[in-house]
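Presented below is the structure to which this report refers.
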Amino acid sequence: MFRTKRRISKLFFLKRKRRRVSAAPSKHYLAHKESARTLVHERLSALNAFYNFAYNKVAIRDQKSRWGSCSTKKNLNFNYRIQFLPVHLIDYIVAHELCHLEEFNHGENFWKLVEKAIPRYRECQAELRKVRMQKGAGLQIF
Ligand SMILES: [Zn+2]
């Protein structure tokens, strides 16, 4: 009895802790996530006409430092701030995540795959390093 009770209270604590960590969505994110979704889907179909990879869900998130990610379940995530970038950088990010559906690492084969659609991907990486994401706001380019 005592053990069960303890386990329950521990689980409750973990749940509460997790909830406290995730902050309420920012107004900026809520105001811009749907336009980001439209743009991401448009660029995904354009680039995937070339790659033709299978993916599942596409999520638009307010991430602090990532432009995108790809899960082992073939779900794609993109930062809503992607829409404030010039289109060649959006295409690089979208192509990058699409290629992770095929190569789940940053090995030589992965970059060869990215290069097929984005031959100047190294220049895109350099440009992206000059972009900072602002909390509760868009981007800062320096
Ligand atoms: Zn990557």
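Counting convention: from 1, in listed order, for ligands and their atoms alike. When a residue number appears, it is its place in the shown sequence, counting from 1.
More than 12 heavy atoms of other residues, nucleotides or ligands lie within 6.0 Å of CD in Gln134, so this atom counts as buried by the packing criterion.
Residues Tyr80 and His28 bring their aromatic ring centres within 6.0 Å.
Here His106 meets the criterion, with an N, O or S atom under 2.8 Å of the Zn ion (ligand 1). Put simply, Cys99 stays out of reach of the Zn ion (ligand 1), with no N, O or S atom under 2.8 Å from it.
Under a 4.0 Å N-O distance rule, the pair Lys130/Glu127 does not qualify as a salt bridge. In summary, Glu34 and Arg37 engage in a salt bridge, as defined by a charged side-chain N under 4.0 Å from a carboxylate O.
His100 has its closest N, O or S atom to the Zn ion (ligand 1) at the position named NE2.
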